[in-house]
Amino acid sequence: MKTEREKLAEVLRLLKIDDASLLGRGMTSSIYDIGGGRVLKIHNDRQEQGYLPQLQRFTEQLQRHSFPFAVPLIYEHGFVRDVHFHVERRLPGLDFAEVFPRLTAPERRSAIESFLDGLPPLHAVRLPHLPFGEPLNEVEEITSDTWPAYLRARVEATLKHSYADLQGDLAEVDRIVEGFYRELGELPLRPQKCLVHGDYFPGNVLCDERGILTAVVDFSPLTLIGDPHMDLAGAYYFWRIYDFVTKADYEHLRGQIDARYGPRCWKRIDLYYTFYSLRFSDCKVHDNHTYHWGLRRLREL
């Protein structure tokens, strides 16, 4: 198996670039600055043939909308000896999850508010011509004519891979899943078809040194056409993966969601919290931390 250095060298030779500096590593890729306002993303796993072209078209479509922050734009993509990569615009800002712990209490409150400010512009993108579901999931695209049907189909598809793990760790898994399916009946069949980031949390936004939002990144197979309340579930409950988030931070975050969307939104947000816990239940081996994040939720039900 090739080392990361070997993968990088092969891609740089193909692109005829002399050098690159590492910016960061994630679970799915490593990112390098290659100059000229561009970054190189080398994917850890082999990508499906159509995914990167599809993602490039999607980022080009995003440029048609006037967001008050930067969004990705892919310039080119390719592969060399099974190493898949793409080159995209370098976006302004720092990793929100790294900046936030360094902020003072007043700055943390402002940063939380700015973080939530990123959602309405995304949700203002309406896509009525597309079905509910996953526009960027090349591996296992699931769509439906109605929103509840999509949610059920997605969970059923995930459980084909994760049911044995859940059954071993969760005594009442069948009751919990059936209860989730029943609650789907309370959702609107066809809410407005909005762009939903699908993975909106501090690790996928950039900010300045004061925590003010500068860019939203990492649109992915988790991106959806559907109910924007889905992103509120992520924007609140995904913060629980971080040790640096305080009780005061959570209280301010919840208060801001109450003020902006009304306290009645929580029933739907909590249902989507359950959805995400089931959606990510197939990651026990490769992302045990996230698996147990979801397991804690399911044990509450």
Side-chain angles (χ1 to χ4, degrees), residues 26-28 62 67 69 71-72 95-97 100 111-125 132-137 142 147 150-151 154-155 158 180 183-184 187 191-207 211 213 215-245 249-262 265-283 287 289-298 300-301:
M27 288 190 61
T28 60
L62 286 179
F67 298 111
F69 44 76
V71 293
D95 186 332
F96 187 96
F100 189 82
I112 287 169
E113 293 164 20
S114 183
F115 170 77
L116 290 176
D117 287 343
L119 289 177
L122 293 177
H123 300 157
V125 177
F132 292 106
E134 306 164 356
L136 295 175
N137 195 335
I142 294 178
W147 177 238
Y150 158 71
L151 295 173
R154 163 43 62 199
V155 167
T158 302
F180 170 75
E183 288 191 64
L184 292 180
L187 294 174
Q192 281 194 314
K193 293 178 178 177
C194 299
L195 174 62
V196 177
H197 184 281
D199 197 16
Y200 195 82
F201 79 116
N204 281 337
V205 299
L206 304 181
C207 64
L213 182 72
V216 176
V217 303
D218 205 20
F219 295 88
S220 72
L222 293 172
T223 297
L224 298 172
I225 308 302
D227 182 358
H229 284 75
M230 184 71 76
D231 275 337
L232 293 179
Y236 183 71
Y237 286 112
F238 288 173
W239 283 62
R240 292 188 174 183
I241 68 172
Y242 296 112
D243 295 333
F244 57 73
V245 182
D249 295 330
Y250 280 125
E251 289 176 349
H252 190 65
L253 181 58
R254 189 176 185 101
Q256 282 293 307
I257 292 174
D258 275 346
R260 297 172 187 224
Y261 298 94
C265 70
W266 287 100
K267 184 174 183 180
R268 194 176 300 186
I269 290 173
D270 287 344
L271 179 61
Y272 294 155
Y273 181 20
T274 303
F275 167 80
Y276 274 124
S277 299
L278 294 168
R279 172 71 175 87
F280 296 147
S281 63
D282 59 352
C283 66
D287 187 1
H289 184 69
T290 298
Y291 176 79
H292 279 89
W293 169 87
L295 198 61
R296 284 194 296 273
R297 164 59 175 173
L298 298 175
E300 295 171 357
L301 298 173

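The figures here come from the full heavy-atom set of this structure, side chains too, leaving out hydrogens, waters and symmetry mates.
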Exercise for the section: Mind checking side chain to side chain donor-acceptor pair (under 3.5 Å) for Y261 and listing every partner two or more places apart, or none if nothing turns up? Expected result: none
Practice task
Return the set of residues passing side-chain contact (heavy atoms from CB on, under 4.5 Å) with N137 (not counting sequence neighbours), or none when no residue passes.
Solution key: E134, V139, E140, R154, P221, R279
Handout entry: With R260 via side-chain contact (heavy atoms from CB on, under 4.5 Å) - residues at least two apart
Key = E113, L116, D117, Q256
Practice task
Could you pull out all residues at least two apart from E183 that satisfy salt bridge (charged side-chain N to carboxylate O under 4.0 Å, His left out)?
Solution key: none
Handout entry: Whether F69 and F67 hold their rings parallel, tilted or perpendicular, with breakpoints at 30° and 60°
Key = parallel
Exercise for the section: Using the test side chain to side chain donor-acceptor pair (under 3.5 Å), find all partners of Y272 that sit at least two apart in sequence or belong to another chain. Expected result: W147, D227
Completion exercise
Applying salt bridge (charged side-chain N to carboxylate O under 4.0 Å, His left out) to D249 and not counting sequence neighbours gives R108
Exercise for the section: With sequence neighbours left out, write down each residue that passes side chain to side chain donor-acceptor pair (under 3.5 Å) with S220, or none if nothing qualifies. Expected result: none
Practice task
For F201, enumerate each residue passing the ring-ring contact (aromatic ring centres under 6.0 Å, His included) test, keeping only those at least two apart in sequence or located in another chain.
Solution key: none
Exercise for the section: Could you list the residues that satisfy side chain to side chain donor-acceptor pair (under 3.5 Å) with S277, not counting sequence neighbours? Expected result: none
Problem - Contacts of P228 that satisfy side-chain contact (heavy atoms from CB on, under 4.5 Å) - sequence neighbours left out - result: H123, C194
Handout entry: Under the ring-ring contact (aromatic ring centres under 6.0 Å, His included) test, residues paired with W266 that sit two or more places apart
Key = Y236
Problem - With sequence neighbours excluded, residues passing ring-ring contact (aromatic ring centres under 6.0 Å, His included) with Y250 - result: none
Exercise for the section: Measure from the ring center of F96 to the ring center of F115 and say whether it is less than 6.0 Å. Expected result: yes
